[in-house]
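Note that the numbering runs from 1 along the sequence shown for the chain.
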Amino acid sequence: MTKDIWINLPVKNINKSVAFFTQMGFTLNEHNPITKTMASFFIGDRKLVLMLFTDDVLAGFSGNKVADTTVGTEVLFSIDAESPQEVDQMLKRAEDAGGKIYANGGEKDGWMYGGGFIDVDGHRWNVLYMDFSKMGR
């Protein structure tokens, strides 16, 4: 049985990434100290752990090169929002923190509202509000 799961992300500059995710409103994981090569955050109510490692450290852990996010997407992270307004607020926070918007907030399929941003290291994040009562109508 799996005890827990967390996200390990490669980053170029720990301090720059810590500033970005702090501005996004993620909670610093005080159990793990910020070092020159790593930092940790909690995301959401369930406190999913986001570990940030410098590219070289993550490559050493994975035994593989770190993906070049300027030419491809290895993974898309999705964040559940409470409302369309929260989607737009999160996109604005991302942009204000130095990220880029790749999809402005908008309605999708009549029951979702979403948009997306790219963090300071090129990782793509999707923010969605889903109204399941309107799904399939």
Side-chain angles (χ1 to χ4, degrees):
M1 190 62 145
T2 303
K3 180 180 171 188
D4 209 350
I5 187 169
W6 58 91
I7 299 168
N8 297 304
L9 272 185
V11 300
K12 306 223 176 319
N13 180 303
I14 289 290
N15 292 330
K16 188 175 179 181
S17 295
V18 165
F20 177 84
F21 288 110
T22 298
Q23 218 172 322
M24 288 302 301
F26 293 6
T27 304
L28 197 59
N29 180 353
E30 299 290 340
H31 301 314
N32 291 335
I34 298 172
T35 70
K36 293 185 293 186
T37 61
M38 74 170 220
S40 180
F41 285 88
F42 292 119
I43 304 172
D45 294 340
R46 295 183 185 165
K47 295 189 176 182
L48 177 70
V49 176
L50 171 65
M51 294 296 300
L52 306 176
F53 294 100
T54 54
D55 288 347
D56 59 326
V57 170
L58 191 68
F61 288 160
S62 68
N64 206 1
K65 291 182 187 177
V66 170
D68 182 351
T69 58
T70 64
V71 296
T73 301
E74 184 176 39
V75 67
L76 174 64
F77 300 102
S78 293
I79 298 172
D80 188 23
E82 294 290 324
S83 68
Q85 295 78 20
E86 187 178 29
V87 170
D88 292 337
Q89 290 166 356
M90 186 163 278
L91 294 175
K92 175 139 179 41
R93 277 199 311 268
E95 194 169 42
D96 290 348
K100 296 177 186 161
I101 305 304
Y102 72 84
N104 290 314
E107 188 175 315
K108 314 279 189 218
D109 300 328
W111 63 280
M112 293 184 286
Y113 183 92
F117 66 89
I118 303 169
D119 67 28
V120 295
D121 288 287
H123 307 292
R124 290 180 179 251
W125 298 76
N126 184 34
V127 186
L128 285 174
Y129 165 71
M130 297 173 283
D131 184 347
F132 291 106
S133 70
K134 295 180 180 176
M135 186 178 174
R137 289 187 182 176

**OP:** Find the distance between CG (D109) and NZ (K134) and round it off to the nearest 0.5 Å.
**Re:** 13.0 Å

What pairs meet the salt bridge (charged side-chain N to carboxylate O under 4.0 Å, His left out) rule with one or both residues in [range], with sequence neighbours excluded?
| range | value |
| --- | --- |
| residues 95-107 | K92-D96 |
| residues 68-88 | none |
| residues 23-34 | none |
| residues 31-54 | none |

Look at the side-chain heavy atoms of Ile, Leu, Val, Met, Phe, Trp and Tyr, link any pair under 4.5 Å apart, and say whether [X] and [Y] land in one connected group.
| X | Y | value |
| --- | --- | --- |
| M112 | M90 | no |
| F42 | L9 | no |
| L128 | I43 | no |
| I101 | V87 | yes |
| V57 | L50 | no |

Only counting residues at least two apart or in another chain, list the ones meeting side chain to side chain donor-acceptor pair (under 3.5 Å) with [X].
| X | result |
| --- | --- |
| D131 | S133 |
| D56 | T54 |
| Q85 | S83 |
| K12 | D55 |

Original post:
Within a reach of under 6.0 Å around CD1 of I5, are more than 12 heavy atoms found that belong to other residues, nucleotides or ligands?
Top reply: no

Suppose the criterion is ring-ring contact (aromatic ring centres under 6.0 Å, His included): which pairs have a residue in [range], not counting sequence neighbours?
| range | result |
| --- | --- |
| residues 74-100 | F77-W125 |
| residues 46-76 | F53-F61 |
| residues 88-113 | W111-F132 |

Original post:
Heavy-atom distance under 4.5 Å between the side chains of N8 and L58, does that happen here?
Top reply: yes

Original post:
Should I79 and N126 count as side-chain neighbours, where that means a heavy-atom distance under 4.5 Å?
Top reply: no

Which atom pair, heavy atoms only, marks the closest approach of [X] to [Y]?
| X | Y | value |
| --- | --- | --- |
| A103 | L91 | O-CD1, 4.0 Å |
| M51 | S40 | SD-OG, 3.2 Å |
| V120 | G98 | CG1-O, 3.9 Å |

Between side-chain atoms of residues 13-22 and protein atoms elsewhere (two or more places apart, or another chain), which donor-acceptor pairs fall under 3.5 Å?
from, atom 1, to, atom 2, distance (Å)
N13, OD1, N15, N, 3.0
N13, OD1, K16, N, 2.8
S17, OG, N13, O, 3.3
S17, OG, D121, OD2, 2.7
T22, OG1, V18, O, 2.7

Original post:
Checking H123 side chain against L76 main chain: does a donor-acceptor pair fall under 3.5 Å?
Top reply: no

Original post:
Among V75, T69, I118, whose side chain to side chain contact (heavy atoms under 4.5 Å, CB included) with R124 holds?
Top reply: I118

**OP:** Please assess V49 against I7 for the test side-chain contact (heavy atoms from CB on, under 4.5 Å), listing each intermediate value before the final yes or no.
**Re:** CA-CA 6 Å; V49 176; I7 299 168; over 6 Å; no

Original post:
When you check the side-chain N and O atoms of D4 and W6, is any donor under 3.5 Å from an acceptor?
Top reply: no

